[in-house]
Colleague: 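What follows is a single structure, and I will ask about it in a moment.
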Amino acid sequence: MANDNHLLSVTCYNVTMPNNKYYNDFFEIGQQKINFSFFELSLPHDDPVYTLKKVMEELDFSGLLANCSDKGRTGYNPIMMYAVVTYANMRGIRAVDRIVELCERDLAFIWLTKGQKPKRDAFYEFKNKKLTSDVLDELNYQFLRRLQKEGLITLKSLFIDGTKIEANANRYTFVWRGTINYHLAGLLDTIDSLYQKYNTLIDENEYGIKHDIPHAHMFVVEGMDKVREVIEKNRKRKLTKHKKLPNNTIIEIDNCSPMEILKLQKNLMQISEKEQTAFVYGKGKRKPELQQLYEELESCGERLMGYKECFEIMGKDRNSYSKTDLEATFMRMKEDHMLNGQ
């Protein structure tokens, strides 16, 4: 039948024995399958209810089952109730009364419930006492990750009526211009010290004379003086417990040149070849000074490239963007032909 390929073995979890029956009942483990051939004959083979049950087979319901009591009258299978609520949400159905009706009339819902007909009180009790916010968040997280593993979603973007919005855009997913400016200032100090180290290496070993290797001149990034000034003010304000000043100076990113660092790496590689100083790799091998400087420059160059990309994403018209939106397209006010913001 249509669902034969979807009833796989479910992972065993550390739950109490009385709660194991919920797994067995819903996923039909060790049971003779109830015959719902009549309903399946009318269900399309690509109905999302089959995908739902397949995805649920690898979810951990221990949190949900921990809220279920083994005392008193046995209620409806909580895993089944979660499946019904989730499937209803997949079809854009939120009203409990409508879900109750579909459990009596809709073939997909009847297939999930195995012909049972939960009433509105059962759903309200399930949502209020068993499917708590913490349990729901955990199950939704597992559910989305499982869909991603199956290649059914990408977790990148969400579109509603043509409007692109950000998902999970909390403060920990945002990249702020002020924060990047702060870290860039420290990175540029590190790069400047590496430039001095590079020039010292050239002079002490007379590589400039022997191999025609020029000195390196640290590139200037316009706007960094103002950034450093604000950083210094904020350090003093922190001591007096004053609010920090915003540090959103727009940096001239064209002057943030990882290419200049690549030139120094190329020169170091040229020196290594002419001096026959081989780069070494592996545990317990001491790296020559040329290689150490080369790798330090490479690490700084990668960080500088990352900061430059952040500035390019933000542009000059905003001071932050969210990591959850890889294309950095924020939800903006849409204008219709009457210029009425939606």
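Remember, it's a predicted structure, so these values are computed and weren't measured experimentally.
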Colleague: Checking the side chain of E260 only, and the main-chain atoms of M218 only, is there a donor and an acceptor separated by less than 3.5 Å?
Modeller: no
Colleague: Where is the tightest heavy-atom contact between P288 and T277, given as atom of each residue plus distance?
Modeller: CB-CG2, 3.8 Å
Colleague: Given 3.5 Å as the limit, does a donor-acceptor pair link the side chain of Q265 with the main chain of L297, or not?
Modeller: no
Colleague: Taking CG in D212 as the centre, count heavy atoms belonging to other residues, nucleotides or ligands within less than 6.0 Å. Is the count above 12?
Modeller: no
Colleague: Between S193 (side chain) and T190 (backbone), is there a donor-acceptor pair under 3.5 Å?
Modeller: yes
Colleague: Can Y198 and N267 be counted as having a side-chain donor-acceptor contact under 3.5 angstrom?
Modeller: yes
Colleague: Please determine whether a side-chain nitrogen of the Lys or Arg among K54 and E57 lies less than 4.0 Å from a carboxylate oxygen of the Asp or Glu.
Modeller: no
Colleague: I'd like to know if D106 pairs up with R98 as an ion pair, taking the criterion as any Lys NZ or Arg NE/NH1/NH2 lying under 4.0 Å from an Asp or Glu carboxylate oxygen.
Modeller: no
Colleague: Please evaluate residues D60 and S62 with respect to the criterion side chain to side chain donor-acceptor pair (under 3.5 Å), reporting the C-alpha separation (whole Å), side-chain torsions for both, the decisive distance (0.1 Å), and the verdict.
Modeller: CA-CA 6 Å; D60 181 358; S62 57; 2.8 Å; yes
Colleague: Ignoring hydrogens and angles, tell me if any N or O in the side chain of N199 forms a donor-acceptor pair with the backbone of H215 under 3.5 Å.
Modeller: no
Colleague: Could you walk me through whether K119 and E125 pass the salt bridge (charged side-chain N to carboxylate O under 4.0 Å, His left out) test, one step at a time?
Modeller: CA-CA 10 Å; K119 301 302 181 183; E125 182 181 7; over 6 Å; no
Colleague: Salt-bridge test for K233 and E229: reply yes if a basic N is under 4.0 Å from a carboxylate O, no otherwise.
Modeller: yes
Colleague: Is there a side-chain contact between Y195 and L264, using heavy atoms and a 4.5 Å cut-off?
Modeller: yes
Colleague: Count the heavy atoms of every other residue, nucleotide or ligand shown that sit under 6.0 Å from OH of Y141, and state whether that count exceeds 12.
Modeller: no
Colleague: Please enumerate all residues that pass side chain to side chain donor-acceptor pair (under 3.5 Å) together with E289, with sequence neighbours excluded.
Modeller: none
Colleague: Check for me, please, whether L102 and M80 land in the same ILVMFWY cluster - side-chain distances under 4.5 Å, paths through other members count.
Modeller: yes
Colleague: Among the clusters formed by ILVMFWY side chains lying less than 4.5 Å apart, do L65 and V85 turn up in the same one?
Modeller: yes
Colleague: With the 4.5 Å side-chain cut-off for hydrophobic clustering, are V230 and M224 part of the same group?
Modeller: no
Colleague: Could you check whether any side-chain N or O of S272 sits under 3.5 Å from a backbone N or O of L268, counting only pairs where one atom can act as donor and the other as acceptor?
Modeller: no
Colleague: Testing the basics here: between L64 and P78, what is the closest heavy-atom pair and its distance to 0.1 Å?
Modeller: CD2-O, 3.7 Å
Colleague: Please test V227 against L184 for side chain to side chain contact (heavy atoms under 4.5 Å, CB included), starting from the C-alpha separation and ending with a verdict.
Modeller: CA-CA 9 Å; V227 169; L184 178 61; over 6 Å; no
Colleague: If two hydrophobic side chains count as joined below 4.5 Å and joins carry through other members, does L201 share a cluster with I209?
Modeller: no
Colleague: Is it possible for you to say whether W176 and L245 belong to one hydrophobic cluster, with membership spreading through side-chain heavy-atom contacts below 4.5 Å?
Modeller: no
Colleague: Supply the atom-to-atom distance N248 CG to T179 OG1, rounded to the nearest 0.5 angstrom.
Modeller: 9.0 Å
Colleague: State, with a plain yes or no, whether a side-chain heavy atom of L131 is found less than 4.5 Å away from one of L139.
Modeller: yes
Colleague: Would the number of heavy atoms belonging to other residues, nucleotides or ligands and lying under 6.0 Å from NZ of K263 be above 12?
Modeller: no
Colleague: Within this structure, what is the CZ-CG distance for the pair F123 and D97, rounded to the nearest 0.5 Å?
Modeller: 10.5 Å
Colleague: If you round to the nearest 0.5 Å, how far is CG of L112 from OH of Y87?
Modeller: 7.5 Å
Colleague: Could you please spell out the steps behind the side chain to side chain contact (heavy atoms under 4.5 Å, CB included) verdict for T51 and M90?
Modeller: CA-CA 11 Å; T51 301; M90 291 168 61; 5.8 Å; no
Colleague: Nearest 0.5 Å please: distance from the CG atom of L194 over to the SG atom of C300.
Modeller: 5.0 Å
Colleague: Does V175 reach the side chain of Y307, with side-chain heavy atoms less than 4.5 Å apart?
Modeller: no
Colleague: Test your reading of the model: is there a side-chain donor-acceptor pair from R177 to the backbone of I250, 3.5 Å cut-off?
Modeller: no
Colleague: Report yes if the side chains of E295 and K287 come closer than 4.5 Å at any heavy-atom pair, otherwise no.
Modeller: yes
Colleague: Would a line drawn from the ring center of Y50 to the ring center of W111 be shorter than 6.0 Å?
Modeller: yes
Colleague: To the closest 0.5 Å, what do you measure between CD1 (I271) and CD1 (I213)?
Modeller: 4.5 Å
Colleague: Quick one: closest heavy-atom pair of M314 and S320, and the distance?
Modeller: SD-N, 3.5 Å
Colleague: Starting at CZ of F311, measure out to CD1 of I251 and round the result to the nearest 0.5 Å.
Modeller: 5.5 Å
Colleague: What closest approach, in Å, do I180 and C310 show between heavy atoms, and which atom pair accounts for it?
Modeller: CD1-SG, 4.3 Å
Colleague: I would like to know whether K127 and V96 meet side chain to side chain contact (heavy atoms under 4.5 Å, CB included); could you show each step before the answer?
Modeller: CA-CA 10 Å; K127 288 185 174 183; V96 172; 4.0 Å; yes
Colleague: Counting N and O atoms only, with roles assigned by atom type, does the side chain of N181 sit under 3.5 Å from a partner on the main chain of T249, one being a donor and the other an acceptor?
Modeller: yes
Colleague: Answer yes or no: is there a side-chain heavy-atom contact under 4.5 Å between K274 and Y207?
Modeller: no
Colleague: Check step by step if side chain to side chain contact (heavy atoms under 4.5 Å, CB included) holds for L107 and V49.
Modeller: CA-CA 10 Å; L107 296 182; V49 71; over 6 Å; no
Colleague: Assess the residue pair D47 and R91 against the criterion (salt bridge (charged side-chain N to carboxylate O under 4.0 Å, His left out)); give the C-alpha distance rounded to whole Å, side-chain angles, the decisive distance to 0.1 Å, and a yes or no.
Modeller: CA-CA 11 Å; D47 192 289; R91 290 177 45 173; 5.6 Å; no
Colleague: Could you tell me whether the side chains of Q292 and E296 share a donor-acceptor contact shorter than 3.5 Å?
Modeller: no
Colleague: Please find the pair of heavy atoms, one from M81 and one from A122, that lie closest to each other, and give the distance.
Modeller: CE-O, 3.6 Å
Colleague: Might you confirm whether atom CZ of R286 has over 12 heavy atoms from other residues, nucleotides or ligands at distances under 6.0 Å?
Modeller: no
Colleague: So, for L188 and R228, which heavy atoms are closest and what is the spacing to 0.1 Å?
Modeller: CB-NH2, 3.8 Å
Colleague: Looking only at the aromatic ring of each residue, does the gap between the centers of Y294 and F279 stay below 6.0 angstrom?
Modeller: yes
